[in-house]
Amino acid sequence: MITFAHSTLIAMTIHMSFPFLARLAATAMLVAPLAVHAAGAVLLQGSNGIQVTTEDVSAEMQRMPVEVQTKLLTNPPQMQQLIDNLYLRRAAALDAEKNGLDKNATVQAKLQLARENALGEAWIAQVDATVQPSAQALDTYARSTYKAEPKRFENPSQFQARHILIMGKTPEARAKAEKILADLKAGANFEDLAKQHSADPGSAAKGGDLGWFPKGRMVKEFDEALDTLKNPGDMSGLVESQFGLHIIKLEGRKPAHMKEFSEVREQLHTEARNKLIKEAREVAIGKLQAQAKGDPAALQSFIDAEKAKRN
């Protein structure tokens, strides 16, 4: 269900860099119960001067993760719940004002905090907008990182294999597995026997084919058996694991190799932008912090007084 809690999703990446902004979500519902709407906005729900428009819903969705937005667009009842919540939030805020709750000192403090956080968020966005690296600068960073950190961009070695799994480790299960292994050594078709006998539902129908996978994907015993198979067509003996008894056939190997620069270029461009934005934020925040003048004696007095209250 989509609830007021989605307000807490606002600008999560900004909150990570500027922690005090995280408190905005907790009080966001107290701000501006009535909205100013663009001329093209379509009314979705309203009464007594309270309106929820397409523009409001779009703005609310922008505060949510992409996956939540996608679910909303494919689930009309949840979308309606979001609209209902927007209306109720505004109706509750308007009713609170009519009853003078906005004059309450605690509420005023929360409203002030929400205002400060909203402005702080806008300030961070303004700082971010000053970061405009050229395509050449991004590419220079990307290429230098690609060359300096090759391990980051290494594709591990890969295997392609088939297997036949016999469930259990009883004498009967082992006898069945040994019979299949003997038939394979005598020339029986691996794929046919996998379809007939393998207890692995994911691969049996494909003749036991597990596709391509890196080392470490399978259980330890399976991986160790694969290491002993050097050439396509090589076949293991019986391999015991937590799942039962396996017979493994190697279909192919791909050695570890570096990803092409073209594969990681956009990833590194994004990394460069984020790094520059982070640095710009740190510089801007540092300038503000440098203007602050603290009073250590007053702080200690406050701490002592608070401790006394708790004794």
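Only a predicted model underlies this, so the values are computations on that prediction, with no experimental measurement involved.
Two residues are said to be in side-chain contact when any heavy atoms from C-beta on lie closer than 4.5 Å; Asn155 and Met258 fail this criterion. Counting heavy atoms from C-beta on, the side chains of Ile303 and Glu306 never come closer than 4.5 Å. A 4.5 Å side-chain heavy-atom check between Glu260 and Arg265 finds every atom pair outside the cut-off. In this structure, Asp209 and Gln160 have side chains that are in contact, with non-hydrogen atoms separated by less than 4.5 Å. Taking 4.5 Å as the limit, some side-chain heavy atom of Arg152 sits within range of a side-chain heavy atom of Thr145. Here the side chains of Met79 and Val57 are in contact, with some heavy-atom distance below 4.5 Å. Looking only at side-chain heavy atoms (C-beta outward), Leu268 and Phe153 come within less than 4.5 Å of each other. His163 places a side-chain heavy atom less than 4.5 Å from the side chain of Ser203.
The residues Glu240 and Arg174 are annotated as salt-bridged, a charged nitrogen and a carboxylate oxygen being separated by less than 4.0 angstrom. Ion pair Asp139/Arg143 flagged as a salt bridge, since at least one NZ, NE, NH1 or NH2 atom sits closer than 4.0 Å to an Asp/Glu carboxylate oxygen. Between Lys215 and Glu224 there is no salt bridge, since none of the side-chain N atoms of the basic residue sits less than 4.0 Å from a carboxylate O of the acidic one. Residues Glu282 and Lys278 are paired through a salt bridge, judged by an N-O separation under 4.0 Å between the basic side chain and the carboxylate. Salt-bridge annotation for Glu172 and Lys176: absent, with no side-chain N of the basic residue lying under 4.0 Å from a carboxylate O of the acidic one. Salt bridge annotation for Arg162-Glu251: present, with a cationic side-chain nitrogen under 4.0 angstrom from a carboxylate oxygen. Ionic pairing of Lys275 and Glu279 is present here: one or more N-O contacts between side-chain nitrogen and carboxylate oxygen are shorter than 4.0 angstrom.
Note that CD1 of Ile247 is 6.5 Å distant from CZ of Phe190, once rounded to the nearest 0.5 Å.
In this structure, Thr74 contributes its side chain and Lys71 its backbone to a donor-acceptor pair below 3.5 Å. Side chain of Gln69 to backbone of Met61: a donor-acceptor contact under 3.5 angstrom is found. Checked by atom type and distance alone, the side chain of Lys230 pairs as donor or acceptor with a backbone atom of Asp227 at under 3.5 Å. Formation of a donor-acceptor pair under 3.5 Å by the Asn99 side chain with backbone atoms of Leu101 is not found in this model. The closest donor-acceptor contact from the side chain of Ser58 to the backbone of Thr54 lies at 3.5 Å or more, if one exists at all. Side-chain atoms of Asn231 never come within 3.5 Å of backbone atoms of Asp234 as a donor-acceptor pair (strictly under, hydrogens ignored). Judged purely by atom type and a 3.5 angstrom limit, Arg281 has no side-chain atom pairing as donor or acceptor with the backbone of Ile124.
With Asp56 as the fixed residue, the salt bridge (charged side-chain N to carboxylate O under 4.0 Å, His left out) test singles out one of Arg89, Arg90, Arg63: Arg90.
Taking all atoms of both residues into account, the shortest heavy-atom contact from Ile166 to Ala173 is CG2-O, 3.7 Å. Summarising the geometry of Ala204 relative to Ala194, their closest heavy-atom pair is CB-O, 3.9 Å, with the distance given to 0.1 Å. Residues Glu55 and Ala41 approach most closely at CB-CB, 3.9 Å, considering heavy atoms. The minimum heavy-atom distance between Gly168 and Leu245, with the atom names listed, is O-CG, 3.9 Å. Lys169 and Ser241 get closest at one heavy-atom pair: CE-O, 2.9 Å.
Dense packing is recorded around CD of Glu67, with more than 12 heavy atoms of other residues, nucleotides or ligands lying under 6.0 Å away.
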Next on the checklist: Pair Leu288, Trp123 - check side chain to side chain contact (heavy atoms under 4.5 Å, CB included), show working.
Outcome noted: CA-CA 12 Å; Leu288 289 183; Trp123 179 79; 3.4 Å; yes
Next on the checklist: Please evaluate residues Leu193 and Asn189 with respect to the criterion side chain to side chain contact (heavy atoms under 4.5 Å, CB included), reporting the C-alpha separation (whole Å), side-chain torsions for both, the decisive distance (0.1 Å), and the verdict.
Outcome noted: CA-CA 6 Å; Leu193 292 187; Asn189 184 276; over 6 Å; no
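Cluster partners of Leu229, using a side-chain heavy-atom cutoff of under 4.5 Å among ILVMFWY residues and allowing indirect links, are Phe159, Leu165, Met167, Leu210, Phe213, Met218, Val219, Phe222, Leu226, Val239, Phe243, Ile248, Leu250.
No side-chain N or O of His246 forms a donor-acceptor pair with one of Ser236 less than 3.5 Å apart. Side chain to side chain, Ser301 and Asp304 fail the donor-acceptor criterion of an N or O pair below 3.5 Å. Side-chain contact of Gln51 with Tyr87: a donor-acceptor pair under 3.5 Å is absent, judged by distance alone. Side-chain contact annotation: Asp102 with Gln108, donor-acceptor N/O pair under 3.5 Å absent. Under the 3.5 Å distance criterion, with hydrogens and angles disregarded, a donor-acceptor pair is assigned to the side chains of Glu116 and Gln112. Residues Gln196 and Asp192 bring no donor and acceptor atom of their side chains to less than 3.5 Å of each other.
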